[in-house]
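Everything on this sheet refers to the single structure shown next.
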Amino acid sequence: MLPSRHLRAAARQRSHRRPAIAGDACSSKPDVEVIWRNKAITAHMRAGRVPDAERLFDAMPRRSTSTYNAMLAGYAANGRLPLARALFRSIPSPDAFSYNTFLHSLAVSSSLADARALFEEMPVKDSVSYNVMISSHANHGLVSLSRHYFDLAPQKDAVSWNGMLAAYVRNGRIREARNLFDSRTEWDAISWNALMAGYVQWGQMAEALEMFNRMPQRDVVSWNTMVSGYARRGDMVEARRLFDAAPVRDVFTWTAVVSGYAQNGMLEEARRVFDAMPEKNAVSWNAMMAAYVQQRMMEEAKELFDVMPCRDVASWNTMLTGYAQAGMLEEARAIFDMMPQKDAVSWAAMLAAYSQGGFSEETLQLFKEMGRCGEWVNRSAFACVLSTCADIAALECGMQLHGRLIKAGYGVGCFVGNALLAMYFKCGNMEDARKAFEEMEEKDVISWNTMIAGYARHGFGTEALEVFDKMRTTSTKPDAITLVRFFVLERCLFKSIFVSGMLSSVFKYNNVDWVGVLAACSHSGLVEKGISYFYSMHCNFGVTAKPEHYTCMIDLLGRAGRLDEALNLMKDMPFEPDSTMWGALLGASRIHRNSELGRRAAEKVFELEPENAGMYVLLSNIYASYGKWRDADNMRTMMHERGVKKVPGFSWIEVQNKIHTFSVSDSMHPEKEDIYAFLEYLDIRMKKAGYVSATDMVLHDVEEEEKEHMLKYHSEKLAVAYGILKIPPGRPIRVIKNLRVCGDCHTAFKYISAIEGRLVILRDSNRFHHFRDGSCSCGDYW
DNA sequence: TTAGGGTTAG
């Protein structure tokens with residue numbers, strides 16, 4: 001809402017410049033009444049009550065420049081740049097405060113170029129002006145410009161020095177921060193804390209502690225920095241020790257501990273500290289709520305949300321993301337619609353919920369809505385929508401986004417850049433992917449992996465290898481995904497030629513990711529190699545095998561059909577096999593059709609993890625794939641009777657050019673008693689979108705007697721495929737036949753979309769499909 | 001009533 005009335009009034013005033021007299025709309029000597037009202041404006045703005053502030057402003061008979069400044073600062077803090085701009089122009093006699101505030105508004109609204117222009121034309125620059133430039137450029141990752149303004153500043157105060165220090169720290173330039181720090185001695189507590197926080201943030205706890213011990217005087221922030229540092233690293237013992245030792249605590253200290261316990265899954269401890277807090281603010285409540293959200297205890301979270309006395313945007317966002325992560329998209333949307341105010345996080349969270357849930361239409365719809373609301377599109381929103389474009393192979397839309405991204409002045413960092421790469425590859429546009437990759441300002445391991453996988457999947461093996469070679473010249477360390485990808489590539493294209501060279505390059509790094517190596521061997525069927533690595537890991541590298549390594553080995557042996565050896569390994573282990581290991585064995589028994597061992601493994605899993613819904617579904621599907629429909633039904637009934645619920649969710653994984661793997665969880669609605677309820681829901685949705693409901697058509701190749709069971713177990717996936725493939729009305733998907741894709745993908749089928757000729761593989765997602773490279777866990781690749 | 005350090009949500 002534009003407060004057009006006061007703006008017009010102000011503009012009028014400005015055009016008929018009259019000398020300021022007592023009682024004029026802008027008096028140079030504000031009275032007590034004006035000061036009091038200015039404070040009220042600030043209070044409203046701080047609480048996000050922009051309209052209230054505007055009403056007050058409009059109703060003021062006399063205003064001072066500070067009145068305008070208060071409004072200006074409020075607009076900036078509430079993200080209303082256009083209003084701030086208009087108001088600034090209407091200020092009768094802007095002072096240094098006005099200029100600095102508006103400069104700050106421009107800078108925080110990502111209009112850095114505008115901020116620089118304003119800075120140049122400012123009649124008077126004081127140290128605050130320079131300091132705004134230093135910190136705002138740092139906030140956008142432009143450290144060298146921060147340094148430029150820092151060097152330019154004629155007089156540097158404590159804020160300038162600390163601002164520059166923070167500029168380095170926030171951008172990970174910890175060495176430069178240290179050099180600056182060592183270059184002089186007049187630092188205050190804020191400086192010490194800033195550098196210390198930098199060490200904490202980048203995981204260098206020893207250095208942080210060293211500073212903590214050395215600093216001349218510690219304030220409550222110093223203690224908080226250390227407490228939260230340990231808490232975030234999961235070292236709750238040390239965090240608690242410092243918390244107990246702290247001479248002063250404030251709400252930050254308490255909240256850091258609550259959130260530490262929460263993030264490490266120690267719910268009871270978190271609650272105990274939370275209940276003992278002498279005073280709580282919104283952040284404390286949010287931290288406790290986040291604890292429940294993290295454990296998917298949405299009812300408990302909602303309870304807190306309902307009773308908390310002070311809700312802020314983050315509280316709403318916490319609930320929103322909680323519902324989204326629990327797959328409760330309708331609840332998430334309800335929260336989103338009810339929010340008194342939305343910020344960038346709210347939009348991003350809702351977008352992420354839709355895009356990660358595969359709801360492409362909804363994602364794009366919401367994105368449009370976002371534009372209509374004039375909401376600033378941040379990096380996260382860009383990434384979500386880009387990944388949706390990738391899902392539906394919407395190249396044009398993706399390229400438009402790329403353009404907008406550049407226009408918005410964002411540097412292409414990893415977050416958005418990776419989404420961009422994925423989009424180009426999924427659309428088969430190798431050249432633009434390469435360009436985007438080269439233009440990326442920074443690259444992380446995911447960027448490299450995306451490039452390797454992208455090239456490999458389109459059959460550009462040589463290019464993929466070149467990327468891998470280039471990656472080795474950088475400081476980015478290959479991770480498990482790189483290894484798996486490389487092994488896949490190597491196996492598909494080069495038949496084991498490069499494997500030893502590749503591995504030796506991996507071993508150059510200090511910390512070999514052994515799980516990655518073993519998983520990679522398991523995946524590429526390199527059984528003997530895997531076994532020898534497993535032993536050399538201990539003998540040559542002195543690494544003691546942990547349960548996860550054994551799990552890999554059981555998986556590896558099992559897949560190779562060496563079930564007895566896998567069993568023996570489990571017996572000889574220094575610890576009891578856990579459910580993951582039995583699960584791996586269960587998967588292997590399936591591939592090799594050893595139903596006796598499968599049953600045994602399944603029983604063990606149920607014993608150890610009666611709550612594991614994936615197991616029931618897996619076993620049910622195993623029976624179904626053998627045609628033992630009654631047993632399959634029994635498993636589902638048992639799951640239902642025991643009140644076990646599946647975590648819903650599904651995702652797309654692009655595998656090869658124009659080939660998609662689609663994984664869908666069996667129950668996308670939580671209370672599924674029978675699959676038909678779900679089908680009905682999809683039917684309605686699809687019809688609404690103009691698709692044919694053509695389960696019969698889809699199943700035309702399937703024999704009559706199988707049809708009923710097929711419907712029960714597989715048609716939900718067909719239906720979803722319809723929605724996602726965007727088959728136009730009247731164009732059925734053709735089933736190639738009840739084709740098993742591979743031993744492990746028991747419910748996988750191939751479909752060809754009649755219209756696009758896309759080959760689609762559908763399969764279940766369960767815990768055994770834990771490899772993200774699109775390979776089946778049985779070791780087959782697509 | 002503008003600029004520098006510590007807590008929550010994406």
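Values in this document were obtained by computation on a predicted structure and should not be read as measured data. Letters A, B, ... are given to chains in the order of the sequence lines, protein chains preceding strands, and every chain is numbered from 1.
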### Query
Got a sec: does the CD of A:Glu299 have more than 12 other heavy atoms crowding it under 6.0 Å?
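No, because the 6.0 Å sphere around CD of A:Glu299 holds 12 heavy atoms or fewer from other groups.
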Quickly work out the [X] [atom1] to [N] [atom2] distance and round it to whole Å.
X        : N      : atom1 : atom2 : answer
A:Leu320 : B:dG10 : CG    : P     : 9 Å
A:Met211 : B:dG5  : CE    : P     : 15 Å
A:Gln294 : B:dT8  : CD    : C1'   : 13 Å
A:Met319 : B:dG10 : CE    : P     : 13 Å
A:Tyr99  : B:dT2  : OH    : P     : 19 Å
A:Ile134 : B:dG4  : CD1   : P     : 10 Å
A:Leu351 : B:dG10 : CG    : C1'   : 10 Å
A:Gln217 : B:dG5  : CD    : P     : 18 Å

Output yes when a side-chain donor or acceptor of [X] lies under 3.5 Å from a complementary backbone atom of [Y], and no otherwise.
X        : Y        : answer
A:Asp188 : A:Ser191 : yes
A:Ser136 : A:Ala107 : no
A:Arg218 : A:Phe212 : yes

Modelled atom types, side-chain donor and acceptor of [X] and [Y], under 3.5 Å:
X        : Y        : value
A:Ser129 : A:Asp126 : yes
A:Thr101 : A:Asn69  : no
A:Asn317 : A:Asn286 : no

Under 4.0 Å between any heavy atoms, over every strand shown, what does [X] touch: base, sugar-phosphate, or nothing? Just pick one.
X        : result
A:Ala158 : base
A:Val128 : base
A:Ala348 : nothing
A:Arg249 : nothing

Tell me whether the OP1 or OP2 atom of [N] has a side-chain N or O from [X] closer than 4.0 Å.
X        : N      : answer
A:Arg170 : B:dG5  : yes
A:Arg232 : B:dG6  : no
A:Gln325 : B:dG10 : yes
A:Thr42  : B:dT1  : yes

Donor-acceptor pair under 3.5 Å: do we get one between [X]'s side chain and the base of [N]?
X        : N     : result
A:Asn69  : B:dT1 : no
A:Asp219 : B:dG5 : yes
A:Asn224 : B:dG5 : no

Choose from [options] the nucleotide whose nearest atom is closest to any side-chain atom of [X].
X        : options             : value
A:Val221 : B:dG4, B:dT8, B:dG6 : B:dG6
A:Arg46  : B:dT7, B:dT1, B:dA9 : B:dT1
A:Val132 : B:dT1, B:dG5, B:dA3 : B:dA3
A:Ala73  : B:dG4, B:dT2, B:dT8 : B:dT2
A:Ser127 : B:dT8, B:dA3, B:dA9 : B:dA3
A:Thr101 : B:dT7, B:dG4, B:dT2 : B:dT2

#### Entry: Residues in contact with DNA chain B, drawn from residues 177-191 of chain A - heavy-atom cutoff 4.0 Å
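Result for residues 177-191 of chain A: A:Asp188, A:Ile190, sorted by number.
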### Query
Who passes ring-ring contact (aromatic ring centres under 6.0 Å, His included) against A:Tyr99, sequence neighbours left out?
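Expected list: A:Phe88.
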### Message
Minimum heavy-atom separation for A:Ser284 and A:Asn281, please, with both atom names.
### Response
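Smallest heavy-atom distance, with atoms named: OG-OD1, 2.7 Å.
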